[in-house]
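A quick note: this is a predicted structure, and the numbers were derived from the prediction, not measured. Note on naming: letters A, B, ... go to the chains in the order of the sequence lines (proteins, then strands), and numbering restarts at 1 for each one.
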Amino acid sequence: MTSIFSSAPIRLDQHGEVLGQRFSSYLAPTLKEAPAEAEIVSHKLMIRAGLIRRLAAGIYNYLPLGLRSLRKVERIIRGEMNRFGAREVLLPAVQPAELWKQSGRWEKYGPELLRFKDRHERDFVYGPTHEEVITDLVKREVRSFRDLPLNLFQIQTKFRDEIRPRFGLMRGREFIMKDAYSFDVDDAAAELSYQAMYEAYQNIFKRCGLKFAAVEAHSGAIGGNYSHEFMVLADSGEDAIAFCPACSRAANLEKATSVYPLTPGPTNAPLIKKHTPNCRHVPELARFLGVEEATIIKSLLFLANGQEPVLALIPGHREINLVKLKDALDGQEPVLASPEQAEKIMGVPMGFVTPVGAKVKILADLGLQRLKSGVAGAGEKDYHYLNAEVNRDFQVHAFMDLATVAPGDPCAKCGAPLTIRRGIEVGHVFKLGTMYSQALGATFMGPDGQESPLVMGCYGVGLGRTLAASVEQNHDADGIIWPMALAPFQVALLPLQTQNPAVAEATASLFDQLTSLGLEVLLDDRDERPGLKFKDADLLGLPLRVTISEKSLAKGEVELKNRADRTVSMSPLNQAAQQLQDLVKAMLSPM
RNA sequence: CGGGAUGUGGCGCAGCCUGGGUAGCGCACCUGAAUGGGGUUCAGGGGGUCGCUGGUUCAAAUCCAGUCAUCCCGACCA
């Protein structure tokens, strides 16, 4: 049936952007139940509220409401990038393989890189990131130090063929990213560019209304030597962050360091071979011998890049961190040896591998320096050594930080106990140095006539993930609670008795006033019962709700409700628009 | 990639194992009526090659094989 509001126009602003929209014709399909595939709250709510729909694993449609919020994130990001002097460009998503071969990432990037051939059998990739393309562009166009510094950004769809896409927009394969790249004459200048982006990111996530932390991070596949991640704090986050409450150091668990407690073993004690039947794992062995797990030296056999065997030693009460180990191997991927490989290389079953007399490269965690000696495999089934002493019974090639930090471990900087919380990585800033400019030959001429490689930085924000993170942080049992800055519309306008002429008239008038003031309004013009409209309004989570009913109208009033704190107030019909404008303004200003 | 599970109308599910025989329920959708401040009620209606392919059988959603898709866990505890 045609709503009596069907004549109410969709309101556009002077740029043609939609200010006011009618619910009935907006493709905002709300659901009572979320699809079974949705696991976390943001994914469920974004589907139920009609923001997104899945097309394939890790690939999503944005519906009108979802796109509006996405655009808000985009606008905030663009504004801060512009403010900090970055210039917007748009690079192609499809890139020739040659560039990736030049940078070395054609081999290095792995199966996450989506590769394909064109009709001429030429290799292409769908860009997961754009260091190669941007460096190539800048290499061609920038010659002189006079052109620097330069910071270029784009907002564009990327594709990474993730091992395991999940959680809706949180870890999609196709996703929208803002990526920026800075080019400077030297490290000091690059540091300034980095600081500027760091500050821009602080602003971006503050304006998005997120609770976040900037943490020291590992550089990962992008490469480079220094980076911070911007983490939105949420229990459903995929990353763990170690926080020091005392010195306020925050670091990704892959980067966090601690001086974990352990009791040093004796020195100059005799090496004893002991029968240890049925002790395949550390806890069993500790129980059998009546020793702390910390005094057991775990010997883990890895194959660097699946080839060269490497023995990694670590105290029994800590876990090895593969990312740290990879760094210790100069970027070679450590692959845990299979039982068969271990037995072939070391001559004993797993669990009894020994560093004593081992002919392979040995890397030991820093903690072993403090441990001095401990229990180690004896290189024979069902036997372990007691008092195996570092530097006496076996030599290590290097002591490196290999252990994963555990909650309560003393901070490596100040000694205070670390806490571990979970976070969602929404932004990442890197100092790249010259690795890409050197590989691709991007140089500039300095004032002294010398040619040098450009010093680069790169800076990314996941837009969809930022949106999902916001929902993850801002919701209740009834639905989403958008911060004003990201809400698809600022005001929900709910006429309760759509057939009542007075209600209809007041609604149309208020819709006009609000949109004339520049407010964004979603008018629920559906001829539905009040309960359903309230439920949907809560689900969509627009920050302000205006209810117009026969009852309130009889007193010349409308009802205003705040979605976040659920406070209700009555407002005279002729003042409601002004009052709402003030509220929106107040809720938009940074807290 | 390894392990586990699931695939039945737009969404959520039952039916399968354990008796192979006209495909069901709730929500949503359409029509009508009533209702009208927190997912309203009644009546009527439309919509499904039961993921796909093959096999067994007189007969397959159901049994068998393969395949595709989706989700979960893991891919580090020697």
Can you label the angle between the A:His317 ring and the A:Tyr260 ring as parallel, tilted or perpendicular, going by 30° and 60°?
perpendicular

What is the ring orientation for A:His275 with A:Tyr383, classed by angle as parallel under 30°, tilted 30 to 60°, or perpendicular over 60°?
tilted

Looking only at heavy atoms, which two atoms of A:Ala504 and A:Thr498 are closest? And how far apart?
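Answer, listing the atom of A:Ala504 first, then A:Thr498: CB-O, 4.3 Å.
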
Can you check the distance between [N] and [M], where both ends of the measurement are the [atom1] atom (answer in whole Å)?
N: B:G32; M: B:G46; atom1: C1'; value: 15 Å
N: B:G38; M: B:G45; atom1: P; value: 32 Å
N: B:G47; M: B:C42; atom1: C1'; value: 22 Å
N: B:C76; M: B:U70; atom1: P; value: 24 Å
N: B:G9; M: B:G51; atom1: P; value: 8 Å
N: B:U35; M: B:G26; atom1: P; value: 25 Å
N: B:G48; M: B:G36; atom1: C1'; value: 35 Å
N: B:U6; M: B:A43; atom1: P; value: 36 Å

Side chain of [X] only, please: which of [options] is the nearest?
X: A:Lys32; options: B:U70, B:A75, B:G39; answer: B:G39
X: A:Leu532; options: B:G36, B:C1, B:G39; answer: B:G39
X: A:Gln497; options: B:U70, B:G37, B:C72; answer: B:G37
X: A:Arg54; options: B:C76, B:G38, B:C71; answer: B:C71
X: A:Phe167; options: B:G39, B:C71, B:C72; answer: B:C72
X: A:Ile320; options: B:G36, B:C76, B:G39; answer: B:C76

Going by an N to O cut-off under 4.0 Å, is there a salt bridge joining A:Arg171 and A:Glu162?
yes

Are A:Arg173 and A:Asp161 ion-paired here, with the side-chain N under 4.0 Å from a carboxylate O?
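A salt bridge is present here (some side-chain N lies under 4.0 Å from a carboxylate O).
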
Centre-to-centre under 6.0 Å for A:Tyr26 and A:Phe489, is that the case here?
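When the ring centroids of A:Tyr26 and A:Phe489 are compared, they turn out to be within the sub-6.0 Å range.
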
In sequence, state the C-alpha distance, the side-chain angles, and the governing distance for A:Asn321 and A:Glu254, and then conclude on side chain to side chain donor-acceptor pair (under 3.5 Å).
CA-CA 7 Å; A:Asn321 185 310; A:Glu254 297 166 347; over 6 Å; no

Regarding A:Arg465 and the six-membered ring of A:Phe167, is the cationic atom NZ or CZ under 6.0 Å from the ring centre and inside 45° of its axis?
no

Atom [atom1] of [X] and atom [atom2] of [N]: how far apart are they, to the nearest Å?
X: A:Met170; N: B:C72; atom1: CE; atom2: P; value: 13 Å
X: A:Leu553; N: B:G37; atom1: CG; atom2: P; value: 14 Å
X: A:Glu528; N: B:U41; atom1: CD; atom2: P; value: 13 Å
X: A:Asn500; N: B:G37; atom1: CG; atom2: C1'; value: 14 Å
X: A:Glu559; N: B:G38; atom1: CD; atom2: P; value: 11 Å
X: A:Arg526; N: B:G38; atom1: CZ; atom2: P; value: 16 Å
X: A:Lys533; N: B:U40; atom1: NZ; atom2: C1'; value: 15 Å
X: A:Glu162; N: B:C1; atom1: CD; atom2: P; value: 16 Å

Looking for any heavy atom pair under 4.0 Å, which part of the strands does [X] touch: base, sugar-phosphate only, or nothing?
X: A:Glu39; answer: sugar-phosphate
X: A:Lys326; answer: nothing
X: A:Ile163; answer: base

Pair assignment for [N], Watson-Crick or G-U wobble, requiring both distances under 3.5 Å:
N: B:G32; value: B:C42
N: B:U70; value: B:A5
N: B:C27; value: B:G10
N: B:A59; value: none
N: B:C16; value: none
N: B:U22; value: none
N: B:A75; value: none

Check the interface with nucleotides 33-35 of chain B: list each N/O to N/O pair with the protein under 3.5 Å, or write none.
from: B:U35; atom 1: O2'; to: A:Arg529; atom 2: NH1; distance (Å): 3.4
from: B:U35; atom 1: O2; to: A:Arg529; atom 2: NH1; distance (Å): 2.4

Got A:Phe352 and A:Met346 here, is their nearest side-chain heavy-atom distance under 4.5 Å?
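Answer no - side chains too far apart.
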
If a protein heavy atom is under 4.0 Å from the base, mark B; if only from the sugar-phosphate, S; if neither, -; do that for nucleotides 3-13 of chain B going 5' to 3'.
--------SSS

Hey, is CG on A:Asp565 packed in by over 12 heavy atoms from elsewhere, all under 6.0 Å?
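Result for CG/A:Asp565: enclosed.
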
For a side chain to side chain donor-acceptor pair (under 3.5 Å) check, start with the C-alpha distance between A:Asp536 and A:Thr30, then their side-chain angles and the critical distance, and finish with the verdict.
CA-CA 7 Å; A:Asp536 271 351; A:Thr30 55; 3.1 Å; yes

Indicate whether the side chain of A:Glu472 and that of A:Ser42 have a donor and an acceptor atom separated by less than 3.5 Å.
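Side chains of A:Glu472 and A:Ser42: pair found under 3.5 Å.
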
